[in-house]
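The structure appears right after this line, and notes come after that.
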Amino acid sequence: MLGQMMDMPLLISSLIVHADRYHGDTEIVSRRAEGDIHRYTYHDAHQRARRLANALHGLGVQRGERVATLAWNGYRHMELYYAVSGGGAIMHTLNPRLPADQMSYIINHAEDRVLFFDLSFLPLVEVIASLCPAIKCWVLMSDRAHLPATTKIPGLLSYEDLIDSHSDDYDWPALDEKMASSLCYTSGTTGNPKGVLYSHRSTLLHTFAGCLPDGLNCAASDVILPVVPMFHVNAWGLPYMACMVGAKLVFPGPGLDGKSLHDLFETEKVTMSAGVPTVWLGLLAYVETNKLKFSSMRRTVIGGSACPPAMINIFQRKYNVHVVHAWGMTEMSPLGTVASFKPKHADWTEEQREALQGRQGRPLYGVDMKIVDDEGKTLPWDGKAFGNLLVKGHATLASYFKNDGGDPLQDGWFPTGDVANIDADGFMRMTDRSKDVIKSGGEWIGSIDLENIAMAHPAVAMAACIAAFHPKWDERPLLVVAKKPGAELTREQMLAFYEGKTAKWWIPDDVVFVDAIPLGATGKMLKTRLREQFKDHKLPTA
Ligand code: ADP
C-alpha cells in the first residue's frame with residue numbers, strides 16, 4: 001500500500017521560492033569583484049534568477065547541459081546556482097586556482113556550453129578561451145561598462161545586459177528530483193580530476209541534514225558568511241542551507257585577506273562562518289596583531305583538513321567563537337561528520353571537550369560509515385583500531401561523471417582514501433589520508449597528530465609532517481615548519497616540544513624550516529609538493 005501524501009519532488013528551485021516567500025526582505029550582501037559592496041534581498045535574488053533562467057533558455061541551454069562558472073562568492077554566483085539547476089541544466093563550478101591546462105581539461109571533459117566569469121578572471125579566460133572550442137558563449141559577470149576590449153574571447157556578453165533583456169515571468173519546471181543538478185571535480189592530486197554529479201534529491205537531503213543543530217546549525221536568526229568558496233563543493237552547501245532557513249548571507253567576493261574578512265564580519269554582524277584551517281590562520285593572525293575582537297560571531301565551521309586543537313582553543317577561549325569541526329569530501333556533497341557534543345559530555349572539562357572537538361566527529365543523518373583493514377575485515381569501534389574509512393549515504397557518490405575510473409564502490413561502500421578510528425560513541429578520528437601515512441618499520445605513524453602538536457607551539461605558523469626515506473625503517477617522519485613572522489625557533493627546540501606529547505618513536509627524526517608551506521587549489525597543504533622537494537633529504541638518524 002502506498003502512502004497518501006503529496007508527491008512533491010525535492011528540487012533546488014523550491015529553496016529560492018521558499019526564501020523569497022517567507023524571508024523575502026532578508027538581505028544578501030556581497031563584496032563584488034568590481035570593488036564595491038552590493039546589497040539586495042532574497043526577493044530580488046529570486047526575481048533576477050528567473051530572468052537569468054529565461055536568458056539561459058534564450059542562449060539555447062538545454063536540460064542536462066553544463067553551464068560553468070569561474071567566480072568568487074557573490075550574489076550573481078548565487079543567482080546562477082538557482083537559475084542553472086532550477087531550470088534543469090547542470091551548474092558546474094570551476095576552481096580558478098587550477099592551472100590552465102587542468103582547467104581546460106575539465107571544461108572539455110564536462111562539455112560545458114556557457115561559461116560565466118568574474119572580472120578578476122579575465123586574464124585566465126583569455127588564455128583558456130582558445131583551448132575550449134565547445135563553449136558557445138562567454139559571459140562576464142558584470143555590466144556593460146566593465147566589458148573589456150578583448151579579441152581573445154569570442155562574442156563576450158555582459159551578465160547585466162543578458163538578464164536585462166529578459167523578463168522574470170518564469171515558472172520553475174517540475175523536474176524529476178533524481179535529475180543531475182550540479183557538477184564538481186575533485187582536485188586530482190593523483191591522475192586526472194574526476195567529476196562528481198549531484199542530483200536535486202541528494203542536494204536537498206544534504207541541505208536538510210546540514211541545517212540540523214548538530215550539523216552546521218543554521219537558523220533564520222543567523223548571518224552566514226561562507227569563506228569556503230562556492231567552487232569548493234558548493235561552499236559546503238551553505239548557499240542552499242541559507243535559503244532553506246532564511247538566513248542573511250554575506251559573500252566576501254575576492255576579499256579573503258584577514259582585514260577584508262574581519263571588516264565584513266563586523267559591519268554585517270556575521271554570526272557564523274565556514275572555511276579551511278589555513279584561511280583562519282590568516283584571519284587569526286590579523287585579529288591578534290591588531291588586537292581586535294569578534295563582536296557578533298558565535299561559531300565557525302572548520303574542515304577540509306584537520307582543525308588543529310590549538311586553533312579550537314584560541315577561537316573558543318580567547319575570542320568566544322565556538323568551533324564546529326567537520327569532515328567530508330567532494331564525493332559526499334561534502335558533509336560527512338561533525339564533532340558536536342552528546343549529553344554525556346556536558347560535565348567534561350574544557351580540555352576534554354576540546355580534545356573531543358579535535359576529532360572529525362560523528363555522522364550526520366544520511367551518512368553511514370565503517371572502518372576496515374586491508375583485507376576488508378570490519379574493525380571495532382574502540383577508538384584505537386584504525387583502518388580504511390568507508391562511507392555510504394543519500395548524498396554520497398555512486399559513480400563518477402561519465403563513469404571515469406569504473407565502479408568506485410566496494411560492496412556498496414565508497415572508500416574515502418582516509419585512515420581513521422571510531423570510538424564507541426561513533427566519533428571518527430582521522431589519522432591520515434592513506435597516501436600521506438608514514439610507514440616506519442611496517443608501523444603507521446599518523447601525520448595529522450604530529451602536525452597538531454607542532455601547531456600548538458607559539459612560534460609555528462604552519463607545519464606539515466611527511467615521510468622521509470630511512471635506510472633501516474623505510475620511512476621516518478620529517479617535520480616541515482613555516483615560522484610566524486619574526487619568531488625564533490630552532491630544530492632542537494621544536495623536537496623538545498614533542499617530549500611527553502606523543503609516543504617516543506613517533507617524534508619526527510628531523511625538522512626543516514621553509515618560508516611558506518605550499519597550498520593546493522582548495523587551501524590545503526600540498527604534501528605531494530613537499531615530498532618531492534625533500535625526496536633527497538638525509539635524516540640525521542639515517
Ligand atoms: P580534494 O582533496 O580533492 O581537495 P576534497 O575537498 O573533497 O577533495 O577533500 C576531501 C578530503 O579532505 C578528505 O578525504 C580528507 O582527507 C580531507 N579532510 C576533509 N575534512 C577534514 C578534516 N576535518 N580533518 C582532516 N582531513 C579532512
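One-based numbering, in listed order, for ligands and for the atoms of each. Quick note: residue numbers are just sequence positions, from 1. All values derive from a computational prediction rather than experimental measurement.
Ring centers of Tyr365 and His394: under 6.0 Å apart, within the cut-off. Ring centroid separation for the pair His345 and Phe427 comes in under the 6.0 Å cut-off. For Tyr185 and His92, the gap between ring centers is short of 6.0 Å. For Trp72 and Phe121, the ring centers are positioned less than 6.0 Å apart.
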Hey, can you pull the donor-acceptor pairs under 3.5 Å for the side chains in residues 403-414, sequence neighbours left out?
residue : atom : partner : partner atom : Å
Asn403  : OD1  : Ser399  : OG           : 3.3
Asp404  : OD2  : His109  : NE2          : 2.8
Asp407  : OD1  : Leu409  : N            : 3.0

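Residues passing the salt bridge (charged side-chain N to carboxylate O under 4.0 Å, His left out) test with Asp425, sequence neighbours excluded: Lys344.
Shortest non-hydrogen contact noted between Met462 and Met455 is CA-SD, 3.6 Å.
Looking at Thr186 next to ligand 1, no N or O pair under 3.5 Å apart turns up. At a 3.5 angstrom cut-off on N or O pairs, Asp418 counts as close to ligand 1.
The option from Pro334, Pro308, Gly328, Ser305 that lies nearest to atom 27 (C) of ligand 1, judged by heavy atoms, is Ser305. For the residues Arg429, His325, Met430, Arg433, the heavy atom positioned nearest atom 26 (N) of ligand 1 is part of Met430.
The parts of Ala306 lying near ligand 1 are both backbone and side chain, judged by heavy-atom distances below 4.0 Å. When non-hydrogen atoms are compared, ligand 1 lies under 4.0 Å from the side chain of Thr522 (C-beta onward) but not from its backbone.
Using 4.0 Å as the threshold, Lys524 has a heavy atom nearer than that to some atom of ligand 1. Using a 4.0 Å heavy-atom cutoff, Gly304 is listed among the residues neighbouring ligand 1. Within the structure, the closest approach of Ala326 to ligand 1 falls below 4.0 Å when heavy atoms are considered. Not a single heavy atom of Gly417 sits closer than 4.0 Å to an atom of ligand 1.
Short contacts between ligand 1 and Gln360, defined as distances under 4.0 Å to a heavy atom of the residue, involve ligand atoms 22 (C), 23 (N), 24 (N), 25 (C).
Taking the six-membered ring where tryptophan is involved, the planes of Tyr240 and Tyr82 are perpendicular, since the angle between them exceeds 60° and thus also 30°.
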